[in-house]
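Every number for a ligand or one of its atoms is a count from 1 in the order of the listing. Position 1 is the first residue of the sequence; numbering continues from there.
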Amino acid sequence: MNLIQVVGARPNFMKIAPLFRAVARRGFARQRLVHTGQHYDAAMSEVFFRDLAMPAPDVFLGVGSGSHAEQTAAVLVAAEKLFSAERPDLVVVAGDVNSTLACALAAAKLGIPVAHVEAGLRSRDRSMPEEINRILTDQLAELLFTPSPDGDENLEREGVPGAKIRRVGNVMIDSLLAHLPAARRSGILGRLGLCAKGYGLLTLHRPGNVDDPAVLSRLLGALGELAREEPIVFPVHPRTRRRLSEFGLSAAGLRLVEPLGYLDFLSLTDGAALVLTDSGGIQEETTVLGIPCLTLRENTERPITVEVGTNQLVGLDPHRIVAEGRRALAGDGKRGRIPDLWDGHAADRMAEAIERWRPGG
Ligand code: UD1
C-alpha cells in the first residue's frame, strides 16, 4: 500500500506522529509524510518534529499564510499536483485545519480515498472555520477515525454510513503518554521560576476571541485580575501577538512568553493548577492529566471533556472566568475521569484498521 500522511499546522503533528510510527512498525505500507507549510515558524512547526521524534517531511509544500480562501486554495493546488504524480492508495489527514480540508478535497476529486483522524467532532458553531473544515472533510472521507461515541453519533446523524466509521480513541493521548516522562524532565518550570501547582497556564488564538479588540480586551482584563492570585503564563500564538500589537493592548499582569515546543508546553500543563484556553486539543490533554480546564468559548466540539473530564465551558463572561479561575487556583477545581480508549493505543488501532481496509469496503 502507498500511503500519504499530511500535516500542516501545529495541532496536526501530535496526531500524525504516533500513526506514522505505528504504520512503520506494522510494515505493510510505503508511507510518505507531507507538510503543507501552513505553519512554518520554527516555534510553530520545527520544534514539534524534534520533540515528537518525527522524521523530516518527505515533501514540503510551503504554502504559508493568507486568507482562508488563499491558504486553502494554495494547499489544494499543490496537493492535487503531488497526489496526481504519486497516486497514493490512501491519503491520511488529521484534525480540522485548512490543510486538512484542502488535502481531503484534492484527493477525493482524484478518486483517491481519504482517511480522517479525529473525525466526527462538532461544535455546532459554523462561525468557526474549523467546524466547516470538519463537516466537509468528514463528508469526503472513506475511513473515519473517531475519538469518542459523540463522534460516531454526529457522523451517523449526517448520513455517514456506519461501515466507514472506526472508533479508535484519542491519538493525541498516545503522544501525551509517550512523551510525559521526557516533558517532566524539560526544566521549563525552573527556567520560568514557577512552582508546581503555583500558577495558571493560558492559551488564546481563536479568531472569535482575538480578532475583535473589545472581546480581546475584556478577556485580558479578566485574566489580568485572576493573575493577582497566582502567576498566569501565556505562550502567545503568532495570530494573537499580531492582534495585541495592532490593537495596542498590553495583557497587563500576565507572563507573556513565546510559543513553546511540545515537551515544554506539556510540562507546563502537567504542573499547572489551572489551564485557561480556547484550543481544542488542550481541553483533552488537561482531562487526561487531571488538571482543571476553563474553556474560554461558548461551545466545544469535545463535549466528553465536559461530561466526564475536567473541562468547564466558561464562555467570555469576565465574572465567571475570575470566579471559576480563583476556585481552581485555590485547589478546588473540577475533577474528572479519563474517557474510554484514551489509553495511548489509538495509533495501533488506526494502523490495524488501515492495514485491513480495502477500497469501497
Ligand atoms: C490554525 C488552525 C486552527 C488551529 C491553529 C493552531 C485553520 C482554519 N485554523 O489557526 O484550527 O487551532 O492553527 O495553531 O486552519 N503564523 C505565523 N507563523 C506560523 C503560522 C502562522 O506567524 O508558523 C501567523 C500567520 O501569518 C497568520 C496567523 O499566524 O497571520 C494565523 O495562522 P493560520 O494558520 O492562518 O491560522 P491559526 O490562527 O494558526
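Distances from ligand 1 to the non-hydrogen atoms of Ser45 include no value under 4.0 Å.
Not one N or O on the side chain of Arg26 forms a donor-acceptor pair closer than 3.5 Å with the backbone of Phe28.
Relative ring orientation between His205 and His237 is described as parallel, the plane-to-plane angle staying below 30° on a 0-90° scale split at 30° and 60°.
One option in Arg243, Arg239, Glu131 has a heavy atom closer to atom 31 (C) of ligand 1 than any other, and that option is Arg239. For the residues His205, Gln38, Arg10, His68, the heavy atom positioned nearest atom 4 (C) of ligand 1 is part of His205.
Counting protein heavy atoms only, atom 8 (C) of ligand 1 is closest to Asn98 OD1, 3.3 Å. With hydrogens left out, the protein atom closest to atom 26 (O) of ligand 1 is Ser65 OG, 2.7 Å, a heavy atom. Pro238 CB, 3.3 Å is the protein heavy atom nearest to atom 22 (O) of ligand 1. Among protein heavy atoms, atom 17 (C) of ligand 1 sits closest to Tyr40 OH, 3.3 Å. Taking atom 37 (P) of ligand 1 as the reference point, the nearest protein heavy-atom neighbour is His237 CE1, 3.8 Å. At the shortest separation from atom 2 (C) of ligand 1 among protein heavy atoms lies Val97 CG1, 3.6 Å. Among all non-hydrogen protein atoms, the one lying nearest atom 3 (C) of ligand 1 is Glu130 OE2, 3.2 Å. When only non-hydrogen protein atoms are considered, atom 30 (O) of ligand 1 lies nearest to Arg242 NH1, 2.8 Å.
Set against the non-hydrogen atoms of Met44, the atoms of ligand 1 under 4.0 Å away are 14 (O), 19 (C), 23 (O). Of all atoms in ligand 1, listed by their number and element, those nearer than 4.0 Å to a heavy atom of Asp96 are 11 (O). Using a 4.0 Å cut-off to heavy atoms of Gln71, the atoms of ligand 1 that qualify are 34 (O), 35 (O). Listed by atom number, the atoms of ligand 1 under 4.0 Å from Pro11 heavy atoms are 4 (C), 6 (C).
Here the shortest heavy-atom pairing between Ala272 and Leu201 reads CB-CB, 4.3 Å.
The pair Asp348-Arg25 meets the salt-bridge criterion, since a charged nitrogen lies less than 4.0 angstrom from a carboxylate oxygen. With respect to the salt-bridge test (charged N to carboxylate O, under 4.0 angstrom), the residues Arg166 and Asp152 do not qualify.
Met1 has its side chain out of reach of Arg30: every pair of non-hydrogen atoms, C-beta onward, lies at least 4.5 Å apart.
With Arg302 as reference, Glu118 is the one residue of Glu307, Gln283, Glu118 to meet the side-chain hydrogen bond (donor to acceptor under 3.5 Å, both in side chains) rule.
Centroid-to-centroid, the aromatic rings of His35 and Phe13 come within less than 6.0 Å.
Remark: Arg356 CZ is loosely packed, at most 12 non-hydrogen atoms of other residues, nucleotides or ligands lying under 6.0 Å away. Taking a 6.0 Å sphere around NZ of Lys81, one finds it holds 12 or fewer heavy atoms contributed by other residues, nucleotides or ligands. The 12-atom threshold is not exceeded at CD of Glu46, counting heavy atoms of other residues, nucleotides or ligands nearer than 6.0 Å.
With a 4.0 Å cut-off on non-hydrogen atoms, Glu70 does not touch ligand 1 at all. Both the backbone and the side chain of His39 come within 4.0 Å of ligand 1, judged by heavy-atom distances.
Residue Asn133 places no N or O, backbone or side chain, under 3.5 Å from any N or O of ligand 1.
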